[in-house]
Structure formats: C-alpha cells, structure tokens
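Letters go in sequence order (proteins before strands), and every chain restarts at 1. Computed from a predicted structure; not experimentally measured.
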Protein chains: 2
Amino acid sequence: MAAEKRGDGTVGKALDVLNEVAEIGSPVRFSSLLKTSKYPKATLYRLLQTLLNQDMLSYNDEEQTYKLGLKLVRMAHAAWLQSSLAPIALPFIDELSDKVGETVHLAQLDNGQVLYVDKRNPSSPIEMYSQAGKVGPAYCTGVGKAMMAFLDEESLSRVISKQAFFKYTDFTITSEKALRKELTTIKKQGIAFDKQEHEVKIICISSPILSAKGRVIGGLSITSSIDIHSLESLQEFKPQLLKTSELIGKEAGAWNFPEQNN
Amino acid sequence: MAAEKRGDGTVGKALDVLNEVAEIGSPVRFSSLLKTSKYPKATLYRLLQTLLNQDMLSYNDEEQTYKLGLKLVRMAHAAWLQSSLAPIALPFIDELSDKVGETVHLAQLDNGQVLYVDKRNPSSPIEMYSQAGKVGPAYCTGVGKAMMAFLDEESLSRVISKQAFFKYTDFTITSEKALRKELTTIKKQGIAFDKQEHEVKIICISSPILSAKGRVIGGLSITSSIDIHSLESLQEFKPQLLKTSELIGKEAGAWNFPEQNN
DNA sequence: AACTAAGTTCCATTATTTGGAAATAGGGGT
DNA sequence: ACCCCTATTTCCAAATAATGGAACTTAGTT
C-alpha cells in the first residue's frame, strides 16, 4: 500500500488543479491548463467547474480565462489569524520596527520554503505588493538560513532536499555542502546574514524564533540595502533582534503555538 | 436545471468542512465539528484527513485540534494578486492616502458582503492581512452602501436578500425599505456616508468604483472618527475620492478587470 | 460551405465514497 | 489495576460519484 505520493481522491485532484492555477499566476485558458495538466480533458473540465461553483476560482467570460477566486482571500485571512505567528508576534514586531527604523519580516517554514507572514516597513509603503503570503527560497534568504540552522537533522535533510540551489546572484550558495557549512556557523552565532544572496544590494540580519523546547517556529529579519547599511552596521541590531525573537517565542508558548515539523 | 443548492460531490463537501473550520475561527476538536456538521462521523473524519494531507488544515497533536493551514495563506497571496482590485489600485490608493492623511479602504462585493482587499493607514504602519481578507456587512458600511447603490436591480435584490440587518449601533439601518431609500439618495449624490452605522464613533465617506460600462467593481472609502472629523469635513474629500475612484475604474478597464455579478 | 481548433456534454464502466457499526485509545475514578 | 465512559479511528459491503474516450457544439478561418 502506501499512497506515498499525492492523491487523496477527487479532493486532491481538485486542489491540484487549484494549485496549478495559482502557480501560473495569471488568468489561464482551459486549453492552456490542459497542456500542462495530467488530467484528461473531461476530468479537468469538471474539476474546474466544481472549483468555480465553490468560488475558489472565478471565470472571465469574455477572455474565457480562469483565475483564483476571492473566497481564497477571505479564507486566508482566517488562516493567517489562526495559523500564523503573525497575530502573536504583532506587538513585538511593531516595537522592533519602530526602534530600528528598518524593514522587518516575519516568516515561517512551509514545505521547504520561506513563507512571509508579516512585514513592517516604517518608511515608504511603495516597493512591492504585500508580502504576507509571499514565498521565497530558504537556502538564500536570511530567515530561511536562520530557521534551517536550528532544525534537527531529520527535518533539515527534508528541507534541504527541497532546495533548488538556483544561482540568483554571484553570492548565492549553490551547494548543499556550502549551505551546511554556513548553517553550522549560523547556529554557533545565533544569527544569519543574507549577503546579497537572493537579490543584489539587499542584505539582512536574521534570527530564528524558537519554542521553549528549542524547536524552530519562525524567523525574524531586519532587511536593508547596501546603499544604507553594511553588514557590520546590521550587526548592531543583533541584540534587539534576538530579544524580540525570544519574546515572540515565549509568547507563542503561552498561546500554545504548535511546534511544526517542516 | 439549476443546481439550486450546494454540492459538487466530494470536493464540495471537503470545502464545506474547510469553511466550517474557517468560520469557527479557532482551533477545533473533531467532536466539536461533528456536532455542527451535517456529515456523519466517518465521513467527516476522512474529509478532515484529506484536508490535512493537502495542507489545507493543520493538526495539533497535543490539543487534538484542527485549524486552517498555511497553504491557504500562500494561495491567497496569489489570489489577491490576480483576482482583487488591489494591485491595480495600489498607486492610486497610496496617493489618496498621502494627500488626505486618513485611513483608506479598498473593498469588493463578495457574496453579499464587503470584502476588504486593501487598506492604507498613514499614521501607523501597514498591517497587511489584518485587513485584507476581512469581511464586513454591506448594509451598514460606507463602501457596502456605495457599491449597492450602483448595482442593477437584479444584483441588488440578490445582495439585499443576504443582509442580516443586525442593529450594530443606534444608527444602523435595519430594514430593506430604509436601505433602499438611502441607496437612492446615494446614487443621486454619487457618494455614501457611514454615519456610525457599524461602529460607534466611526464615520466614513465612500464611493463606488465603476467600470467603463458603469458596472460596480469595487468601493473606496476614507474613514475617520467623530473625534477628528464631522460628516461635513469628510465632505471635503469628495472630489479627491471621486477622482481616485474614477482613475482606478479606468485603470481596471485597461487591465481588463472583470465586471463581477454579485 | 468546408475546415479547424476550442470548449462542452454523454454515458457505460470503474473506482471512490459512504456510514453504520465495531474496534481502539484515553482518561478519570474507585 | 480494573472498569467505565467518552473521543477518535478503522472496517467493509453497498451505494454513489468520478472517469475519460468519443461524439457533439460553437466560433473563428480559409
């Protein structure tokens, strides 16, 4: 037995299709989905109809395209409230961002990737769309490395196996060996840096958020650009960053926030 | 024809269960769900397992509780990007919020309710998902009334039939008749006010966002409290509010934003 | 009108879901 | 330790829903 891979009957298939639409990221036509999809025409068609009925997708008559439905936005609000660290961490992040005057990110590990669940940007609002819900690579971001460094070996291997090691910049770590070495250093120092590994000019200092039992429940970072800060000057935020992470970890414990196992 | 009720096979049932968990808003035990649910024990159990497998739900071993999964947060980001007015409206809202220095909300009608898809709060920093994804009543909010006022009769009846007419404050409109009268005035003036109808002390001025063909695609509001503004002083924002709404409507047209039919 | 590509429906076959009932796991309490 | 009560999980034959190849419809082209 062992349905090792995916596949919970029809529901699994439907969510699969939903994911495909999500990943494409823009309105898609039926025929376009059909080309990628592993499901036969009639099946795919019916799955799409069902998802439409359920408001998980919306359909544009004129363009004949499908896209994700607003119902998801609605549900996600509930999910964010009840499943992310964000509501718990909120006051601490506000305070940290006020004090340091830089962009602060709160993230969690989700399926080997970094899922940003909150963000504070004290200065300008413009830049990008909201970060909550956005995902990024774990192996080349500050929060990602900070969280990985404190995983137990089993979880770590699982997460590492999901890394793409794509070379975003000249500084991106592109091998498991180099990554593991870096993680050892990070664990020793309690702090991770992103040295322009994901985006040119963007650097950050980051720490894991640990539960009372020492398990990783999230990550916190202060981000800046090399036009404003050097790695050394980011260092100065270390005490405040660690303090905030610790406070969030404590608070999470008080709220029974689950120890995850990604 | 007309599958009047709900029910797209198993997928529908699974999403139903997901909704139930979402609506409860906090981690739930199996037995607790079972009491509310229309599905028999074994069925409910398997649906929950499937949703767990798919990361739509997460399970807390110690507490034996289910809650919404992070996958939803992730998907919602994609949904927000591709299905809401927010990305299109972003620059216009930034500008409006800068100019007026007050809280600005962007909303859409979703299933008879107001779904907030973006928010700017010039004073305190952005707390993204704390508002995006939030829903509110249509009959007693500025954006809700502004949008309703410009619906065609068919859509309007549908939306009105979904209103609860709960009396939140002394000023809440609690009958269809009174609401329809108010909507007529709003349509004439092109602007709606929330006169503490939803929350005491909170007032707002609001306008619909219309497509080129005059169909409602969203709503925009400037919110304040009676401690700071009177209705008369909110009036002063009318030209800017209308202008911004118009610009967003135009831009949406350029991007082929679909005319919805709520 | 004939051709083509895209989208939709049909329906006999097959695979999944169903749900009552029984088994199992967890607590207390005595 | 034992029993009892409750909550959760598993089983399995019957019932139902999903499947997908093929046929059909629609819209756009030559």
Side-chain angles (χ1 to χ4, degrees), chain A residues 1-21 24 26-69 256 258-259 261, chain B residues 1-21 24 26-69 256 258-259 261:
Chain A
M1 23 220 50
E4 256 319 287
K5 307 212 64 174
R6 25 205 61 260
D8 314 77
T10 325
V11 177
K13 288 169 202 162
L15 293 174
D16 230 34
V17 171
L18 196 62
N19 264 319
E20 276 172 32
V21 177
I24 288 169
S26 57
V28 226
R29 300 183 66 115
F30 176 76
S31 52
S32 167
L33 270 173
L34 185 58
K35 264 177 264 175
T36 326
S37 177
K38 57 187 149 200
Y39 304 109
K41 203 180 352 182
T43 302
L44 179 64
Y45 182 72
R46 265 177 294 102
L47 290 174
L48 287 170
Q49 294 307 311
T50 303
L51 290 168
L52 270 185
N53 264 337
Q54 297 292 330
D55 293 319
M56 300 298 277
L57 289 178
S58 73
Y59 183 70
N60 182 324
D61 270 309
E62 289 176 31
E63 311 264 319
Q64 295 184 99
T65 52
Y66 297 87
K67 57 183 180 175
L68 298 178
N256 247 301
E259 331 249 327
N261 35 263
Chain B
M1 21 226 58
E4 257 320 288
K5 309 208 65 173
R6 19 207 66 257
D8 314 76
T10 325
V11 178
K13 287 169 202 161
L15 293 175
D16 229 33
V17 171
L18 196 62
N19 263 320
E20 274 173 32
V21 177
I24 289 168
S26 57
V28 225
R29 300 184 66 118
F30 177 77
S31 52
S32 167
L33 270 173
L34 184 58
K35 262 177 265 173
T36 327
S37 176
K38 57 186 147 200
Y39 304 109
K41 211 202 302 209
T43 302
L44 179 64
Y45 181 72
R46 268 176 294 101
L47 289 174
L48 287 169
Q49 293 308 311
T50 304
L51 290 169
L52 269 185
N53 265 337
Q54 297 290 331
D55 293 318
M56 300 298 277
L57 289 178
S58 73
Y59 183 70
N60 182 323
D61 271 310
E62 290 175 32
E63 309 265 320
Q64 297 184 101
T65 52
Y66 297 87
K67 57 183 179 175
L68 298 179
N256 247 302
E259 331 249 327
N261 35 261

Heavy atoms, side chains only, cut-off 4.5 Å: are Asn60(A) and Lys67(A) in contact? no

Separation of [N] [atom2] from [X] [atom1] (nearest whole Å):
X: Leu34(B); N: dT9(D); atom1: CG; atom2: P; value: 12 Å
X: Asn60(A); N: dA6(C); atom1: CG; atom2: P; value: 18 Å
X: Asn53(A); N: dT8(C); atom1: CG; atom2: P; value: 13 Å
X: Gln64(B); N: dT6(D); atom1: CD; atom2: C1'; value: 11 Å
X: Tyr66(A); N: dA6(C); atom1: OH; atom2: C1'; value: 11 Å
X: Leu33(B); N: dT9(D); atom1: CG; atom2: C1'; value: 16 Å
X: Lys38(B); N: dT18(C); atom1: NZ; atom2: C1'; value: 16 Å
X: Tyr39(B); N: dT17(C); atom1: OH; atom2: C1'; value: 13 Å

Measuring from the side chain of Phe30(B) (C-beta onward, heavy atoms only), which nucleotide among dT8(D), dT8(C), dT19(D) has the closest atom? dT8(D)

When you check the phosphate oxygens OP1 and OP2 of dT8(D), does a side-chain N or O of Ser31(B) lie under 4.0 Å from one of them? yes

Would you say dG7(C) has OP1 or OP2 under 4.0 Å from some side-chain N or O of Arg29(A)? yes

Can you list, by residue number, the residues of residues 41-49 of chain A that have a non-hydrogen atom closer than 4.0 angstrom to DNA chain D? Ala42(A), Thr43(A), Arg46(A)

Atom pair [atom1]/[atom2] of [X] and [Y] - distance to nearest 0.5 Å:
X: Tyr66(A); Y: Leu52(A); atom1: OH; atom2: CG; value: 5.5 Å
X: Asp55(A); Y: Leu68(A); atom1: CG; atom2: CG; value: 12.5 Å
X: Asn53(A); Y: Leu48(A); atom1: CG; atom2: CG; value: 11.5 Å
X: Lys38(B); Y: Leu44(B); atom1: NZ; atom2: CG; value: 11.5 Å
X: Leu18(B); Y: Leu47(B); atom1: CG; atom2: CG; value: 10.5 Å
X: Lys13(B); Y: Ser37(B); atom1: NZ; atom2: OG; value: 11.0 Å

